[in-house]
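Have a look at the structure below, then the notes.
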Amino acid sequence: SRSQAPAIPQPSAMDLTSYGRLVAAFDELKLKAEDELKWEQCAPLAQRPELAQAMQTIQARFFGADAAPTLKDVLQGMLSPDASAEPTAEPPAEVMVKRTGSLKKQRTNELDDADSTALVVRTAAGSVVITWSKQDAIQTVAELRKQVAEQLSLCVDEVKFVAEERPLLDDESCAELIGGKTDALEVLMVTQQIPKLDPDQPVADQLDTLKAMLRSTSPEYQLDAATNYRKLLSIERDPPIGKILDSGVAPRLLELAQLMESPKLQFEALWAICNIVSGSQEQTQTMVNLDVVPIVTRILQESDNSDVLEQGVWALGNVAGDCAGHRDVCLREGSLEPILRILQQSDKLSCTRNAVWAVSNLCRGRPKPRLEELRPAVPVIAEKLRNSHDSEVLVDSLWCFSYISDGANHDIQVVLDTGISERLVELMNHESLQVVTPALRTAANLVTGDDMQTDFFLRSKPWDTMQRLLGSQKNKIRQECCWMISNICAGTTDQIDQVFESGLFSAMLHRARDTEYSVRKEVAFALANTSEKEEVILDKLMDQDILETIKVLMAATDDKILTLCLTFLENVSKALHKKDSPEEWERFKRVSFVDELEACMARGAEVAEKADEVMQELYPLEDETGPEVFGETAPKGGYGFAFGG
């Protein structure tokens with residue numbers, strides 16, 4: 001039987017529990033035994049109540065003037081008799097177990113034999129936990145810790161070793177520690193229990209415990225901690241993102257997220273990270289500073305676990321959607337490529353949704369990203385737009401093209417080249433307004449291009465769809481539709497003819513009485529743009545309904561709408577004077593604008609000046625006799641219609 005070592009009295013060395021806490025605390029600093037310490041590194045540990053006394057002793061003993069002790073000096077010194085500021089009543093005999101040949105000889109008299117005991121691990125009470133022969137001792141201290149932990153059903157992090165008055169480091173060789181000793185090396189096992197969550201207390205109040213669990217090397221503790229962090233960060237209202245970041249666990253979460261051999265832990269860590277980067281811009285910036293983007297991008301490149309990939313895509317989508325600067329970080333780090341690969345390969349709907357959404361965030365924001373950075377996404381998103389029937393996939397695919405096409409003509413051409421024009425018109429008829437809105441926006445962007453690009457899109461015959469959308473109950477839809485009409489009317493005569501022949505222009509006139517200002521303004525733009533074509537004015541704009549619409553719009557108190565209406569009247573006046581046709585003037589005079597122009601002349605300088613010019617062109621002030629108008633004399637001192645210049 002294995003005998004228990006007798007208690008060996010010692011001077012007042014540090015008690016076992018305090019020493020274990022001290023070793024664990026220094027372990028958190030990731031220091032090596034030979035590293036020189038500075039008090040600035042140790043000072044935070046002194047703020048912990050359970051370490052305050054020990055750190056006070058360390059400061060006094062080891063940090064004198066210009067002193068630079070190593071970690072080994074400090075930990076070894078704290079085991080010496082003078083280390084404790086307050087000696088215990090009974091000396092802690094179990095702190096160190098001596099190496100004695102007599103104890104070994106109770107088990108074997110062949111100490112020099114290869115099979116003899118060369119290393120003994122004991123508890124603080126002296127009980128033998130494990131013995132190794134010289135053949136066994138070819139392993140490292142880390143492997144010894146793992147074996148002892150398994151034997152005692154402990155977490156590896158709960159097991160620490162002390163020998164020869166110093167803590168043993170994981171990378172040390174047991175064989176070198178034994179060396180040529182004739183006696184077995186006695187190793188003291190110090191157990192440092194990892195805190196566990198109290199089920200009776202809210203997890204949010206146990207962040208220090210969660211941090212200790214997450215920092216452990218136990219996969220079970222790590223997974224439990226990561227899962228609890230994820231749950232805390234998934235609270236819908238006011239998740240404690242700030243507190244968790246302040247606790248300093250973000251680097252550890254990023255570290256665990258890279259453990260490819262533990263996909264479940266990766267998933268939970270990534271989920272927690274994903275929720276952190278869904279916070280404020282400042283919180284997201286904290287994660288960006290920790291290299292969250294290149295780390296997660298590399299995970300997407302190397303992992304083959306679908307849950308991990310989806311969570312990583314989601315996290316990058318959150319970062320990209322935070323602001324243009326973070327979007328550009330994602331593009332620079334090459335995040336788009338693995339997201340597109342996942343989008344093409346995944347047959348999981350939720351993953352497809354997240355990937356398309358992430359791509360849309362990479363396309364979004366001002367200043368716009370460079371087209372060359374986004375070009376690889378165009379055919380992939382076009383394929384999803386053509387073949388998907390899922391509303392979420394359609395919505396984000398459409399927003400991708402809306403963002404890309406909102407720019408110069410070469411941006412528009414990239415979208416037109418995908419051949420999605422007819423699909424856009426089809427989706428403008430979708431039952432969901434969430435789909436209709438970006439479909440209409442993309443179509444409206446396309447007709448802001450040059451005349452050839454507008455013609456190309458108009459081949460998809462959007463007229464009936466646009467006329468229906470003019471009656472939408474959603475203000476934004478009506479505004480976008482009128483904006484699209486105004487852009488078409490800024491094009492060629494043939495394009496304007498199509499707007500009139502389809503009945504769309506007539507339908508748009510009703511929106512001049514719209515309750516929404518932005519809609520009325522776009523109607524005014526459409527009328528002003530149309531009046532820029534001289535041949536269109538006399539052919540189409542002398543219609544009484546159109547002239548009455550201008551009167552309605554001029555009842556507005558907004559200078560922008562009034563300026564657009566005055567532009568329309570100015571262009572009409574020029575065309576009438578150039579034509580110099582009494583018949584055309586007769587058509588125009590059916591609607592009088594005198595009152596409206598006088599009201600404009602009472603407004604601000606810019607509007608008043610323009611209104612006065614138009615008044616003089618259309619209704620010049622006559623002399624007392626006045627010219628004849630179709631055989632009649634204009635009223636004395638009044639405004640009359642002038643036919644010709």
Side-chain angles (χ1 to χ4, degrees), residues 463 466-467 470-471 478 481-482 485-486 488-490 493 495-515 519-558 561-601 610-611 613-620 629-632 634-635 638-645:
W463 312 115
M466 293 177 66
Q467 191 162 335
L470 280 173
R478 300 196 305 277
C481 198
C482 289
I485 295 171
S486 73
I488 298 173
C489 288
T493 302
Q495 290 164 2
I496 295 172
D497 286 343
Q498 291 180 65
V499 177
F500 275 86
E501 290 166 6
S502 66
L504 185 59
F505 199 92
S506 177
M508 180 200 67
L509 296 179
H510 296 292
R511 299 271 64 90
R513 294 177 172 82
D514 201 285
T515 57
V519 176
R520 299 195 303 273
K521 185 178 73 171
E522 293 303 335
V523 173
F525 263 113
L527 286 162
N529 286 345
T530 307
S531 72
E532 296 293 337
K533 292 288 189 294
E534 184 179 301
E535 61 273 26
V536 174
I537 294 175
L538 301 181
D539 183 35
K540 294 181 170 64
L541 297 187
M542 291 298 99
D543 181 85
Q544 187 166 347
D545 287 342
I546 294 175
L547 297 176
E548 290 288 354
T549 298
I550 293 293
K551 279 182 69 73
V552 169
L553 290 170
M554 291 186 76
T557 58
D558 176 73
I561 290 180
L562 291 174
T563 300
L564 291 167
C565 290
L566 290 171
T567 298
F568 176 92
L569 292 176
E570 184 179 42
N571 290 334
V572 168
S573 173
K574 290 177 182 177
L576 288 173
H577 281 88
K578 186 174 182 179
K579 182 74 172 178
D580 197 16
S581 166
E583 291 78 11
E584 296 299 342
W585 278 103
E586 180 63 24
R587 290 175 64 195
F588 179 76
K589 79 170 186 175
R590 293 172 189 166
V591 179
S592 173
F593 294 94
V594 173
D595 292 343
E596 287 74 20
L597 288 170
E598 287 181 337
C600 287
M601 291 167 67
K610 193 175 184 70
E613 292 174 359
V614 174
M615 181 77 87
Q616 294 301 323
E617 289 292 325
L618 293 177
Y619 310 107
V629 180
F630 294 118
E632 300 176 358
Y639 288 102
F641 290 95
F643 307 107

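When all heavy atoms are compared, the tightest approach of E617 to S573 is CB-OG, 3.2 Å. Contact detail for C489 and I496: the closest heavy-atom pair is O-CD1, 3.4 Å.
Ring centroids of F568 and F593 are separated by 6.0 Å or more, keeping the two rings apart.
In this structure, CG on L564 lies 11.5 Å from CG on L569, to the nearest 0.5 angstrom. The SG atom of C565 sits 6.0 Å away from the CE atom of M554 when rounded to the nearest 0.5 Å. Atom CH2 in W585 sits 14.5 Å away from atom CZ in R590 (nearest 0.5 Å). Between the OG atom of S592 and the CG atom of L547 there is a distance of 11.0 Å, given to the nearest 0.5 Å. How far NZ of K589 is from CG of L576: 13.0 Å, rounded to the nearest 0.5 Å.
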Q: Determine, stepwise, if the pair L618 / F588 fulfils side-chain contact (heavy atoms from CB on, under 4.5 Å).
A: CA-CA 10 Å; L618 293 177; F588 179 76; 3.8 Å; yes
Q. Hey, mind stepping through V614 and L597 against side-chain contact (heavy atoms from CB on, under 4.5 Å) and telling me if it holds?
A. CA-CA 8 Å; V614 174; L597 288 170; 4.0 Å; yes
Q: Assess whether side-chain contact (heavy atoms from CB on, under 4.5 Å) is satisfied between E598 and M615, documenting all intermediate values.
A: CA-CA 8 Å; E598 287 181 337; M615 181 77 87; 3.6 Å; yes
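Within the 4.5 Å cutoff, no side-chain heavy atoms of L562 are placed close to those of L553.
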All N/O donor-acceptor pairs, side-chain side in residues 535-544, below 3.5 Å, sequence neighbours left out:
| unit_1 | atom_1 | unit_2 | atom_2 | d |
| --- | --- | --- | --- | --- |
| E535 | OE2 | T493 | OG1 | 2.8 |
| K540 | NZ | D497 | OD1 | 2.8 |
| D543 | OD2 | D545 | N | 2.9 |
| D543 | OD2 | I546 | N | 3.4 |

May I have the list of side-chain donor-acceptor pairs in residues 521-530 shorter than 3.5 Å, sequence neighbours left out?
| unit_1 | atom_1 | unit_2 | atom_2 | d |
| --- | --- | --- | --- | --- |
| N529 | ND2 | S486 | O | 2.9 |
| N529 | ND2 | F525 | O | 3.4 |
| T530 | OG1 | A526 | O | 2.6 |

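In terms of the salt bridge (Lys or Arg N to Asp or Glu O under 4.0 Å) criterion, R520 has no residue partners (sequence neighbours excluded). Partners of K578 by salt bridge (Lys or Arg N to Asp or Glu O under 4.0 Å), not counting sequence neighbours, listed by chain and number: E534. Scored by the salt bridge (Lys or Arg N to Asp or Glu O under 4.0 Å) test, E596 finds K551 as partners (sequence neighbours excluded).
Although no hydrogens or angles enter the test, the distance criterion places no donor-acceptor pair under 3.5 Å between the side chain of R513 and the main chain of V552. S506 places no side-chain N or O within 3.5 Å of a backbone atom of G503 that could act as its donor or acceptor partner.
For residues 561-570, the side chain to side chain donor-acceptor pair (under 3.5 Å) pairs, not counting sequence neighbours, are E570-K610.
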